[in-house]
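Structure, as structure tokens:
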Amino acid sequence: MEKHVLTLMLIICLSIIVLKLQSLSRTKKITRLHFYLQDFIDGDRPTVWEVAACNLTGVLPSLFGKVMVMDDPVTSGPELDSEEVGRLQGTAGVADFREEALVLLLNLVLTKGEFEGSTLSILGRNPLGAESREVSIVAGTGAFRMATGYIITSTYYKDPAGVHNVYEYNAVVYHMDPNVVFCCNY
Ligand SMILES: *[C@@H]1O[C@H](CO)[C@@H](O)[C@H](O)[C@H]1NC(C)=O
């Protein structure tokens, strides 16, 4: 008799654990985003502004110490007239003596489609000379609550006139489903 009770309790416990795991996995999502960054560094309407430099910036080829603030259009395709789906806003600085490697501190805000109003926070190193660069996603809001992930970025077009560069971004985002409400009884 006692054996049966123990078996029953074990079955109940295992069921609870399985249910918990199932509900946890339902709250986790993976979203892939592919977009292009329109980077206007000069011309009539620059979107990237240099706000600071140091004495070494003009001396070292890496441009060490240069600090920029940007509000770049994010488009679905690489062309200038591609649909704008968001903005990439924040600060980039050169923090490497030897090569032009940026430290990025950026927010991606999506302004169109199912993720409108949601943001991703990006923090990482972006060595512009490398073919393919990997930058971290460290947080998110809205649809991307509690996001982590990574971005693979590359230079799609480098303007020989130094006015308008285009960068390709491929993001993999691990995040919570914001529609799942964690129960709390107060
Ligand atoms: C930067 O350059 C200016 C002008 O040459 C100089 O007066 C200043 O001391 C330099 N600052 C540093 C930190 O080297």
Side-chain angles (χ1 to χ4, degrees), residues 31-82 84-112 115 117-142 144-175:
T31 301
R32 288 178 169 79
L33 300 170
H34 178 228
F35 57 87
Y36 294 84
L37 186 66
Q38 310 287 342
D39 201 48
F40 296 89
I41 47 181
D42 208 345
D44 297 338
R45 286 183 302 131
T47 58
V48 182
W49 289 76
E50 183 175 330
V51 293
C54 72
N55 282 4
L56 285 177
T57 307
V59 178
L60 292 181
S62 75
L63 307 175
F64 175 86
K66 181 169 147 182
V67 180
M68 293 155 284
V69 178
M70 66 176 79
D71 182 359
D72 273 357
V74 168
T75 53
S76 55
E79 286 81 27
L80 253 185
D81 58 0
S82 305
E84 183 176 311
V85 294
R87 309 289 296 192
L88 193 64
Q89 303 170 331
T91 309
V94 182
D96 192 309
F97 286 133
R98 286 169 293 191
E99 60 172 318
E100 197 181 351
L102 300 174
V103 51
L104 298 180
L105 183 64
L106 300 170
N107 289 319
L108 170 70
V109 54
L110 294 167
T111 54
K112 285 265 167 63
F115 302 123
S118 299
T119 67
L120 286 173
S121 295
I122 297 161
L123 177 69
R125 181 175 189 268
N126 186 3
L128 292 175
E131 184 86 27
S132 168
R133 290 90 72 178
E134 182 172 340
V135 188
S136 308
I137 294 167
V138 294
T141 66
F144 302 126
R145 195 170 287 163
M146 297 184 77
T148 55
Y150 61 93
I151 290 168
I152 305 293
T153 178
S154 57
T155 305
Y156 180 84
Y157 171 70
K158 189 159 169 61
D159 185 357
V163 174
H164 168 227
N165 297 327
V166 182
Y167 299 100
E168 185 172 2
Y169 275 64
N170 271 296
V172 179
V173 192
Y174 302 81
H175 58 98

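For clarity, every value in this text was computed on a predicted model and none was experimentally measured. In each ligand, atom 1 is the first atom listed, and ligand 1 is the first ligand listed.
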the protein heavy atom lying closest to atom 9 (O) of ligand 1 turns out to be N55 ND2, 4.7 Å

Protein heavy atoms: any of them under 4.0 Å from atom 14 (O) of ligand 1? yes

Non-hydrogen protein atom less than 4.0 angstrom from atom 7 (O) of ligand 1: no

For K158, is the NZ atom crowded, meaning more than 12 foreign heavy atoms sit under 6.0 Å from it? no

Restricting to ring-ring contact (aromatic ring centres under 6.0 Å, His included), what partner residues turn up for Y167, sequence neighbours left out? none

Are any of the protein's heavy atoms under 4.0 angstrom from atom 2 (O) of ligand 1, yes or no? yes

Closer than 4.0 angstrom, basic N to acidic O: yes or no for R133 and E168? no

Looking only at side chains, do N107 and S121 share a donor and an acceptor under 3.5 Å apart? yes

